[in-house]
Amino acid sequence: MKRTHKCNQVTSDLIGQEITISGWIHRRRDHGGVIFFDVRDEDGLVQVVYNPESKDIFSLAETCRNEFVIFSKGVVSERPVGTANDNLVTGEVEIIASDLDILNPSLPIPFQLDEYSPVGEETRLKFRFLDLRRTEMQDNLRLRSKVSTSLRTYLDNEDFIEIETPLLTKATPEGARDYLVPSRTFPGQFFALPQSPQLFKQTLMASGFEKYFQFAKCFRDEDLRADRQPEFTQLDIEMSFVDSKEVMSLITKMIKQVFKETMSVDLGEFVEITYHEAIEKYGVDKPDLRNPLELIEVKELFKECDFKVFNEPANDKDSRIAAIKVPNGKLLTRKQIDDYTEFVGNYGAKGLAYIRVEDPSKGKEGLQSPIIKFIEDSIIESLLSTLEVQEGDIIFFGAGKRSIVNDSLSAFRDLVAKDLDLLTCEWAPCWVVDFPMFEKNRSGDLTPLHHPFTAPNCTTDELKEDPLGALTEAYDIVLNGTELGGGSVRIHDRLMQETVLKLLNINEKEAEEKFGFLIAALQHGCPPHAGLAIGFDRMIMLMTGSDSIRDVIAFPKTQTASCLLTEAPGQAAQEQLEELHIRFHGLEKED
RNA sequence: GGACCGGUAGUUCAGUUUGGUUAGAACGCCGCCCUGUCACGGCGGAGGUCGCGAGUUCGAGUCUCGUCCGGUCCGCCA
């Protein structure tokens with residue numbers, strides 16, 4: 001009962017041959033006197049015909065249902081004139097069955113696998129083994145495999161070696177919440193699952209592996225999003241004796257080649273923009289460059305304006321006033337603008353001022369806006385000339401704290417471009433460079449923009465002098481507004497590493513305890529090194545055009561980080577807990 | 001921690017605004033019929049804890065509160 005052909009191979013070349021196939025009954029059509037099965041395997045579909053002349057086989061075929069796994073033998077025949085199916089590769093032929101075996105029947109499945117029937121997320125995840133049979137999921141996971149193979153081949157050709165690093169490891173100093181694993185042999189102590197292999201890969205550089213990579217599982221116990229899972233895969237890369245330019249050029253080549261090889265897409269030029277420029281023009285450090293809209297700083301114009309909404313931010317150094325000119329914005333209805341106002345409210349913006357340009361030749365008279373009556377004519381004039389407005393434009397304004405204006409307008413920029421279908425191309429990759437070393441968090445403490453092992457491009461003294469002014473050799477690769485990955489030149493000098501840690505309020509003892517091994521490695525001939533990590537799942541998401549990261553992961557978690565298929569997490573047996581020296585406090589045991 | 005959307009038949013949904021007879025549709029499922037279909041077709045049938053728990057009411061799928069589950073977002077994610 002071995003198949004001689006995969007379903008997709010059954011074409012007119014085989015006419016007259018007796019062949020065997022195996023697969024699932026994708027669909028059965030029982031006409032009473034003749035029965036058709038579309039038999040599906042991983043490559044495609046082929047039609048098998050059961051005629052009543054072969055009595056036993058015919059009556060067995062009558063008992064078959066969708067998703068039964070069968071084996072069938074028969075002669076490949078040209079279909080009768082007028083009955084070919086153009087939608088199938090195998091549509092010109094059919095197999096006239098002479099044998100049929102049910103390898104495994106199937107219960108009626110809880111949802112249909114065809115492209116016509118939508119299914120809810122909950123049902124899909126609970127019956128993931130069925131969901132994965134659907135063409136979309138098959139295609140996604142196949143592309144995922146092709147892409148990882150392509151990446152491996154590329155890196156192998158560039159003399160990289162793949163090295164695995166531990167999953168049972170130690171909590172790192174900052175960053176996301178760790179997943180912990182209790183130690184049986186050390187009561188009260190815990191392993192942490194890695195948030196990334198950062199420290200290990202730097203250690204490998206000290207060990208003399210000059211070009212390392214790894215498809216690394218990473219774990220972060222933070223709340224989920226459509227593009228975020230608690231368990232995800234990074235393509236982790238590190239090199240010795242290189243600068244940022246070399247890393248960027250190697251990765252650019254890699255990404256371009258992979259898109260070419262696996263999708264026949266030419267990504268074109270990778271634009272390079274600075275962090276500062278990205279924030280100024282797009283309000284975000286991962287701009288979607290397919291989107292032609294830009295934030296235009298108009299703070300200076302409103303310094304003398306009496307309108308309080310603009311006057312205050314215009315004269316506050318932590319604030320900005322940015323305008324977005326939307327060409328053909330006249331298409332937006334009042335209702336849409338109200339919705340946008342509510343939308344930016346999610347980001348803390350108090351409002352979304354706008355001006356409709358109905359006839360720019362008439363100056364102020366040609367405008368329509370709830371706010372112009374509060375603004376001096378001279379300011380309006382310079383505004384119109386600065387923005388070079390045209391008839392039909394709408395100008396939107398964000399005014400207030402820098403971070404709120406940036407967050408709200410960057411999200412608004414994406415939304416309005418989508419609504420008005422403004423995207424100019426399909427793919428727009430870029431590198432964002434010159435990140436600051438630190439920023440201040442809400443409590444006023446320094447936090448690293450990238451991570452504490454990123455090298456600043458200044459001396460230790462200069463860094464101590466003006467930490468917020470220091471820039472780094474860090475680089476993010478951004479595609480269509482998604483951060484695909486990022487990396488940096490690392491600190492390879494103990495003194496610099498200690499200086500950075502000190503600025504982050506991590507004292508020597510703590511550093512020694514948390515990652516003494518890295519500090520030790522830096523002191524024993526660690527070469528200068530740099531690298532980056534690519535968010536592999538996100539990359540596949542972009543390549544497949546998926547709306548959710550779940551659609552490119554075989555067995556993903558729900559938003560509350562549970563698995564509906566396995567019902568993980570689950571409770572542990574009392575004996576297990578005792579072995580691990582774990583007792584619960586303040587948790588009622590469920591009955 | 002917060003905001004919003006959803007939860008009704010195996011599945012996808014309607015019904016909830018305005019509480020009122022037996023909760024509907026499509027697909028799927030079961031039975032019968034059908035020899036050229038390909039999302040086959042025809043006739044018939046079964047199938048419901050309206051997520052769960054309280055409350056309001058003569059009466060709740062529908063209103064109120066709580067809670068659980070799924071999703072999107074904010075915070076969070078170096």
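Lettering follows sequence order; numbering is per chain, from 1.
Stacking between A:His31 and B:C40 is shown: the ring centroid lies under 5.5 Å from the centre of the six-membered base ring, and the planes differ by under 30°.
Using a 4.0 Å cut-off, some side-chain N or O of A:Thr560 falls inside it from OP1 or OP2 of B:G70.
Here the C1' atom of nucleotide B:U12 and the CD atom of A:Glu115 are 16 Å apart, to the nearest Å. If you measure from atom CZ of A:Phe36 to atom P of B:G36, you get 8 Å, rounded to the nearest angstrom. Atom CD in A:Glu94 sits roughly 17 Å away from atom P in B:U35 (whole-Å rounding).
Comment: A:Glu483 does not engage A:Arg538 in a salt bridge, judged by the lack of any side-chain N to carboxylate O separation of less than 4.0 angstrom. Electrostatic pairing of A:Asp223 and A:Arg228 does not count as a salt bridge here, judged by no charged N lying under 4.0 Å from a carboxylate O. Residues A:Glu136 and A:Arg134 are paired through a salt bridge, judged by an N-O separation under 4.0 Å between the basic side chain and the carboxylate.
Searching all strands for a Watson-Crick or G-U wobble partner of B:C40 with both distances below 3.5 Å returns nothing. Summarising the base pairing, B:C65 is matched to B:G53 through a Watson-Crick or G-U wobble pair whose two defining distances lie under 3.5 Å.
Taking atom P on both nucleotides, B:G24 is separated from B:G66 by 33 Å, rounded to a whole Å. Atom name P, nucleotides B:A9 and B:C38: the rounded distance is 31 Å, in whole Å.
Across all their heavy atoms, A:His529 and A:Cys526 have their closest contact at CE1-SG, 3.6 Å.
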